[in-house]
Amino acid sequence: MELPTLQHFDGLKHNKNWANEDFIPEHIFGYQIFGSTIIDDGKKVYEINEGTYFFSNRNSLAKGTKKFSPTEGYSSICICLSQKFLKTFSMTCLPADGQVPGKDMVIVFPETPLLTNYFQSLTPYINRSEEDFKDLIDAKLREATLILLKLHPEMRTRLFDFGNPEKIDLKSYMESNFRFNLSVERFSYLTGRSLSSFKKDFEEQFHDTPGKWLVRRRLKEAYMLIKRNVMRPSEVYLKVGFENLSHFSHAFKKVYGVSPSGIVERVSGP
DNA sequence: ATTTGCCGCAGGGGATGGTA
DNA sequence: TACCATCCCCTGCGGCAAAT
């Protein structure tokens, strides 16, 4: 089982090979053809099963896990409805009054002929160059947006909210989201601050720099999970936000003076 | 399966000056 | 005064190979 994430891209993509990325910057509308995708946003776990149509909100943090079908492997079609596209769309097709959007990052839609036929109609455009099919792909994106609005009018508020994240409480946000592997600059954006204001506020509240705090917090979490035999080092490093097992091993030993697999019998606590 | 050693370079940290 | 952009130095992240 590989660890995937939602890649960001413009237009249309036949998704067979997901890269590891914890941040989803744009709205994604998709169809899971084979296999399934487990998405954990830290608050809720969503299971996108074979044959499922789904929508995923922009500016989301999530860890994804790809599960292969024994016979067919894994594949999905994803459409990225970017802010650039939606702003252009909203100028030509005025959104009506919206309703209050739901809090869930992922919405799963029941199958309807409209969705089935739409995703079947994408087949000729999959993995084609944007230049050759630009107009047709753009028409398909507009069609996708209209279908979403037709089936779920409450989507207007989500799709046409072009605002940036508001300034929010650093302590609770970082404590909830340190497991996601994001750059400090991304954390600053998501907490509604410039990079320099983020560093300043962080120092005031944590008496530490963001990078150092993140590593220590992730290692502390890893320590607890390994110590309690919840996970092995090869599983835990991804869970707590490291990308690389060898680097995780180095960082762990630097802080605790012992390698990850050595703490179960040898050390009493951090 | 996990740790260790090594390397290149992206990006974090800190300082500084600009702007509203 | 608060907030932001930018610059430069250098740390440490991620990748790879080899050892354990």
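Hydrogens, waters and symmetry mates are skipped; everything else that's a heavy atom, side chains included, is used. Per chain, numbering begins at 1; letters A, B, ... match sequence-line order. All figures in this text were calculated on a predicted structure; none of them were measured in a lab.
Atom CZ in A:F248 sits roughly 17 Å away from atom C1' in C:dG15 (whole-Å rounding).
Aromatic ring pairs are classed by plane angle as parallel below 30°, tilted from 30° to 60° and perpendicular above 60°; the pair A:F89 and A:F160 is parallel.
Mapping heavy-atom proximity under 4.0 Å, the span of DNA chain B touched by chain A runs 5' to 3' from B:dT2 to B:dG14.
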Could you write out each protein N or O paired with an N or O of nucleotides 9-14 of chain C at a distance under 3.5 Å?
residue, atom, partner, partner atom, Å
C:dG12, OP2, A:K254, NZ, 3.4
C:dC13, OP2, A:H247, ND1, 3.4
C:dC13, OP2, A:H247, NE2, 2.0
C:dC13, O5', A:H247, NE2, 3.3

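Annotation: salt bridge (charged side-chain N to carboxylate O under 4.0 Å, His left out) contacts involving residues 188-197 of chain A, sequence neighbours excluded, comprise A:R193-A:D201.
Residues satisfying the ring pair (Phe, Tyr, Trp, His ring centres under 6.0 Å) test with A:F198, not counting sequence neighbours, are A:F202. Take A:F248 and apply the ring pair (Phe, Tyr, Trp, His ring centres under 6.0 Å) test, not counting sequence neighbours, and it matches A:F242, A:F252. A:Y189 pairs by the ring pair (Phe, Tyr, Trp, His ring centres under 6.0 Å) definition with nothing, not counting sequence neighbours. With sequence neighbours left out, A:D169 forms a side-chain hydrogen bond (donor to acceptor under 3.5 Å, both in side chains) with A:S172. A search for salt bridge (Lys or Arg N to Asp or Glu O under 4.0 Å) contacts involving A:K200 returns A:E204, not counting sequence neighbours. In this view, A:E221 and A:R179 satisfy the side-chain hydrogen bond (donor to acceptor under 3.5 Å, both in side chains) rule, not counting sequence neighbours.
Using a 4.5 Å heavy-atom cutoff, the side chains of A:L141 and A:L81 are in contact.
Residues A:F23 and A:F180 place their aromatic rings such that the two centres sit no closer than 6.0 Å. In this structure, A:Y223 has its ring center under 6.0 Å from that of A:Y256.
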Expected list for residues 205-217 of chain A: side-chain donor-acceptor pairs under 3.5 angstrom, two or more places apart:
residue, atom, partner, partner atom, Å
A:D208, OD1, A:R216, NH2, 3.3
A:D208, OD2, A:R216, NH2, 2.5
A:R217, NE, A:E175, OE2, 2.8
A:R217, NH2, A:E175, OE2, 2.7

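Contacts of residues 190-198 of chain A with DNA chain B (heavy atom under 4.0 Å): none.
Between its opening and closing five pairs, the helix from B:dA1-C:dT20 to B:dA20-C:dT1 changes axis direction by 50°, a value rounded to 10 degrees.
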